Amino acid sequence: MAEKRNYWLVKSEPDVFSIDDLFAAPGKSTCWDGVRNYTARNMLRDELKNGDGVLYYHSRTDPPGIAGTAEVVREGYPDHTQFDPKNSHFDAKADPENPRWFMVDIRALEKFPRHVPLEEIKASSKLAEMAVVQRGQRLSVQRVTAAEWREVLRMGKSEKR
DNA sequence: GCCAACGTTGGC
DNA sequence: GCCAACGTTGGC
């Protein structure tokens, strides 16, 4: 029986951790730490499952857009940076007995020949409903439908659009 | 439990 | 670097 595969979009500032950094990481994978938003936390803890597809979005860069794909390789577990006073994501209220923040591990799958810029996502009728193009949407983890996933991959892999 | 102040995000 | 949008905090 095939588990249903879900799809997500995660944001990262490429100056902090780009898709190239992900490919360069050991095993092309990393723990997705530092998320400090409860809605995103709930998705990381409860909903992202092994094998789920992840669109890797570069924010705060010019142009912002989707750089490639990754997959979930470890499901929600406590984000260790919440307990590290030297870490910028340290949370003094986090209790090791009852962790507040969670993360998953992701592994790089594919870097697009051309990033899919935010502008083209906005211009696409098939992608107009994506959370990332909604006004004021700041969640660093967002749901993506299977149809949106397919369309972003199609756009990312075609040299001409 | 309201809501103003504050901090962060992220396109531009 | 600006600033609108939004989530969180904390005084009351």
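Please read these numbers as outputs of a predicted model, since none were measured by experiment. Letters go in sequence order (proteins before strands), and every chain restarts at 1.
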> To the nearest angstrom, how far is A/Asp15 atom CG from B/dG11 atom C1'?
15 Å

> Apart from A/Tyr38 itself, which Ile, Leu, Val, Met, Phe, Trp or Tyr residues share its cluster (side-chain heavy atoms under 4.5 Å, direct or through members)?
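Under the 4.5 Å side-chain rule, A/Tyr38 groups with A/Trp101.
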
> Each nucleotide N or O in nucleotides 5-9 of chain B that has a protein N or O under 3.5 Å away: list the pair and distance.
from: B/dT8; atom 1: O2; to: A/Arg138; atom 2: NH1; distance (Å): 2.7

> Which residue pairs pass the side-chain hydrogen bond (donor to acceptor under 3.5 Å, both in side chains) test with at least one member in residues 66-85 of chain A, sequence neighbours excluded?
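Residue pairs with at least one partner in residues 66-85 of chain A: A/Arg36-A/Asp79, A/Arg36-A/Thr81, A/Glu71-A/Arg107, A/Tyr77-A/Asp105, A/Asp79-A/Thr81.
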
> Describe the nucleic acid contact of A/Asn37 in one word from base, sugar-phosphate, nothing, applying a heavy-atom distance below 4.0 Å.
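Sugar-phosphate, backbone atoms only, no base.
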
> Which pairs pass salt bridge (charged side-chain N to carboxylate O under 4.0 Å, His left out) with one or both residues in residues 130-149 of chain A, sequence neighbours excluded?
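Found A/Glu47-A/Arg143.
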
> What does A/Arg135 touch in the nucleic acid at a heavy-atom separation under 4.0 angstrom: a base, only the sugar-phosphate, or nothing?
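The answer is sugar-phosphate, as A/Arg135 gets under 4.0 Å only of primed atoms, P, OP1 or OP2.
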
> List, one per line, each side-chain donor-acceptor pair under 3.5 Å for residues 121-132 of chain A, sequence neighbours excluded.
from: A/Ser124; atom 1: OG; to: A/Lys126; atom 2: N; distance (Å): 3.2
from: A/Ser124; atom 1: OG; to: A/Leu127; atom 2: N; distance (Å): 3.3

> Would you mind listing every ring-ring contact (aromatic ring centres under 6.0 Å, His included) that reaches into residues 131-152 of chain A, with sequence neighbours excluded?
A/Tyr7-A/Trp149

